[in-house]
Structures are given as C-alpha cells and as structure tokens.
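Note that ligands are numbered from 1 as they come in the structure, with each ligand's atoms numbered from 1 the same way. The structure displayed is predicted, hence computed values, not measured ones.
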Amino acid sequence: MLKKILILLLLPCVVHAQDYKSIHRKAILVDSHNDILTASLEKKVSMDNDLKGRTHSDLKRFKEGGVDVQLFSVWCDGEKQNPYAWANREMDTLYAVAERNPDKIVITKTWKQLQRAIKEKKLAAMFGVEGGHMIENDLDKLDRLYDRGTRYMTLTWNNSTPWATSALDETTKKDSLARTHKGLTDFGKQVIKRMNDLGMLVDLSHVGEQTFWDAINATTKPVLVSHSNAYSLCPIFRNLKDDQIKAVGRNGGVIHLNYYSGFIDSSFKTKETQFVWAHRRELDSLQQAGVQYEYAITMTAEKYASEVQAARPPLSMLLDHLDYIVSLVGVDHVGLGSDYDGINSMPQQLDDVTSYPLITKALLEKGYSKKDVRKILGGNFMRVLKANQK
Ligand SMILES: [Zn+2]
C-alpha cells in the first residue's frame with residue numbers, strides 16, 4: 001500500500017518531467033544569436049568537435065539542447081579595415097562545417113529548405129550580420145551577404161556607421177553626435193528599404209534610440225531585436241525601454257532575450273567591479289607578466305570559479321524579463337537570443353546550448369500554456385521570418 005501511495009505521489013512529477021521534455025522536443029526551437037563563429041576563429045577550434053569546457057556551443061550540444069534553427073552571428077569590431085571580407089571569412093567557416101557534416105547541419109536560404117532541415121532533424125543554419133559596418137556603405141555587398149544566407153542584420157554594433165548611430169554612441173557621445181547626425185540618414189533608410197525588399201530582417205539590437213525610431217518608422221516589415229532585454233528591469237544602454245517594446249509589439253516584430261548576466265541583473269556590474277577589486281593584485285601581476293587584460297580576467301575567473309558562480313543571477317531573473325515584455329505586449333513578441341559564445345556570464349543552470357530544455361520547464365512551471373511555449377521557443381520568430389519573405 002505504502003508503495004502504491006508513493007507511486008501516486010511521485011506520478012505527477014514524473015509525468016511533468018516527461019511532458020516538458022517532449023514539449024521541448026516537438027517545438028521548433030530558434031536561437032537568434034550565437035557567436036560561435038567568432039569564438040571558433042579566436043580559439044582556433046571547430047564546432048564539429050566536442051568543445052565542452054572550451055565553448056558554449058558545438059554541433060553535438062546543439063542537438064542535445066534541441067536547437068532546430070540557429071542564427072549564427074557574423075561579426076567583427078568597428079576598427080577592422082575590411083569588415084566585409086571578415087564577414088565572408090566567418091561565413092566560410094560555417095560553410096566548411098556544413099560541408100563536412102551534411103547529416104547534421106544545413107545552411108538554409110529558402111522557407112522550403114528551412115522546413116526540410118527541421119523535418120530531417122538537422123540544424124537549420126542562417127546568418128545574422130552583427131553591425132551595419134560590415135556592408136561598407138555598399139548596397140551591393142548587402143545583396144551578396146543575403147545571397148550567402150544572411151537573414152538579419154543589426155543596423156549597428158556598439159560602433160555607429162556613417163548612416164546609423166549605435167546605442168553606445170547615442171548614450172556616451174551626445175555632444176559630438178549633436179554636431180554630426182543622430183539616427184538614420186537617407187542612405188540608412190535606403191538600407192532598410194533594400195533589406196525589406198530582399199527579405200532580410202531589420203535587427204534593432206545595439207542601435208541607439210533615435211535609430212530605433214527612425215528604423216521602425218521606415219520599415220514596412222516586422223522587425224527583430226535579436227539579443228536585448230527590458231530596460232525597466234535592467235537599465236543599461238542597450239536594453240529596450242517600455243515605449244520601444246510597445247512599438248515592436250505594434251509593428252508585429254519580436255524581441256529575443258539576451259542571456260548576459262549584466263543585461264539581466266542590474267546588480268551584476270557592482271558584483272563584477274567588486275571581484276576585480278578583490279583580485280586586483282593578481283590581475284596586475286598577470287598584466288605585468290604580459291597577459292592581456294581580458295585573458296587575465298578569464299584566468300582569474302577560472303581560479304575563483306565559486307565566486308564567479310555566486311555572482312550569476314538565477315534563471316528566474318531572465319524569465320522576469322520575458323514576463324515583463326509579455327505584460328506589455330503579449331506572448332507573440334518574445335523569443336530567445338542567448339548570445340552564447342559572445343558572453344562570459346549567464347544565469348545559473350544556463351551553462352551552454354544544452355540548457356534550453358530548462359527554459360521550457362521553467363515556462364511551463366510558470367503557467368505558460370504549451371501553445372505559448374511553442375511561440376516563445378520559435379513560433380514567433382518563424383512568423384516574423386515568413387512575413388519578411390519576398
Ligand atoms: Zn551583440
């Protein structure tokens with residue numbers, strides 16, 4: 001009898017655990033931002049190998065996490081002399097991976113190819129160019145990036161282009177922008193028009209507020225915000241204010257949440273500063289020995305892993321951003337854009353691309369319906385992508 005009661009008591013949990021896994025498996029999961037292409041070049045690794053412990057992503061772990069569609073970020077900083085060549089170099093990296101692994105990953109350019117890849121349980125890959133500087137002020141280069149599989153472009157990264165100002169510049173260089181321009185120029189509006197004509201999503205992550213408003217007024221298609229969060233919960237320069245979130249809702253677009261701890265938790269910056277201050281002697285000596293600052297930080301973070309772990313926000317805090325956006329505009333305008341391999345701290349439990357099922361589990365526990373969960377995981381993105389097609 002006792003055994004029977006125990007089984008009955010345990011049953012709901014067991015059913016629930018199976019539920020979330022099967023709901024996750026059946027849903028189309030889209031992540032709109034992953035930097036493994038840049039990380040692969042920097043670390044001289046390839047994602048067809050097992051990179052556990054070295055990166056957040058590789059082909060095997062994408063599969064484990066149930067990722068169906070990945071938008072791979074194509075990026076270089078604004079200082080590079082030939083960003084268009086750099087963009088192509090990163091794309092070549094993914095083409096080589098896809099050629100070596102035709103049974104696992106396919107670069108999809110049409111709706112039909114995308115559907116087929118999902119059906120065949122291969123990772124459907126597309127590119128997202130991160131930063132309008134990569135087209136080098138040339139619409140023909142935009143066309144060629146589209147032809148190679150680019151399906152969104154952030155109008156800026158942290159650096160402005162001659163035709164669009166970034167969130168970083170609009171918040172830190174107010175005086176100099178007052179003398180030049182702020183927002184989109186006429187050429188910037190031509191870029192939007194060409195993107196709309198091609199069927200390339202206009203991505204408003206990283207752009208300044210003026211650029212945001214100019215772009216959302218100029219576009220004739222629903223926009224993407226591929227990796228940003230809510231400013232009201234974490235007031236940093238590149239999160240979206242309430243009126244921006246509402247505008248994306250009215251436009252029919254979608255906001256994909258970024259996993260970076262510093263864009264989720266407003267106390268993270270202070271914790272980070274305290275960490276650097278506490279270990280400043282070691283950091284100084286590493287730098288004096290010729291180690292670059294970023295590597296010195298990484299080495300120190302590895303040494304004091306438990307402190308770094310404690311500074312990570314709980315998973316629930318990421319979902320607070322999701323709830324907040326849903327409270328403003330409903331469940332049709334939110335998705336996931338992790339920024340894996342482009343960030344060095346994310347919420348607890350979300351260690352790498354195998355962790356997506358935990359998001360599904362948490363959403364169901366919060367009371368989101370299966371239908372809503374499917375929208376958040378990928379349905380909303382698919383709707384926006386389809387609306388942007390020619
Ligand atoms: Zn970014």
K80, NZ atom: more than 12 neighbouring heavy atoms under 6.0 Å: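 Atom NZ in K80 is crowded, with more than 12 foreign heavy atoms closer than 6.0 Å.
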Is the distance between the ring centroids of Y304 and H279 under 6.0 Å?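 When the ring centroids of H279 and Y304 are compared, they turn out to be within the sub-6.0 Å range.
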Expected output: side-chain [X] to main-chain [Y] donor-acceptor under 3.5 Å:
X	Y	answer
T360	Y20	no
K193	G188	no
D68	I118	no

With 2.8 Å as the threshold, which protein atoms of type N, O or S lie near the Zn ion (ligand 1)? Leave waters out.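 Less than 2.8 Å away from the Zn ion (ligand 1) sit E130 OE2, H206 NE2, H227 NE2.
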With a 4.5 Å cut-off on side-chain heavy atoms, are D31 and S338 touching?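 Contact flag for S338/D31 side chains = yes.
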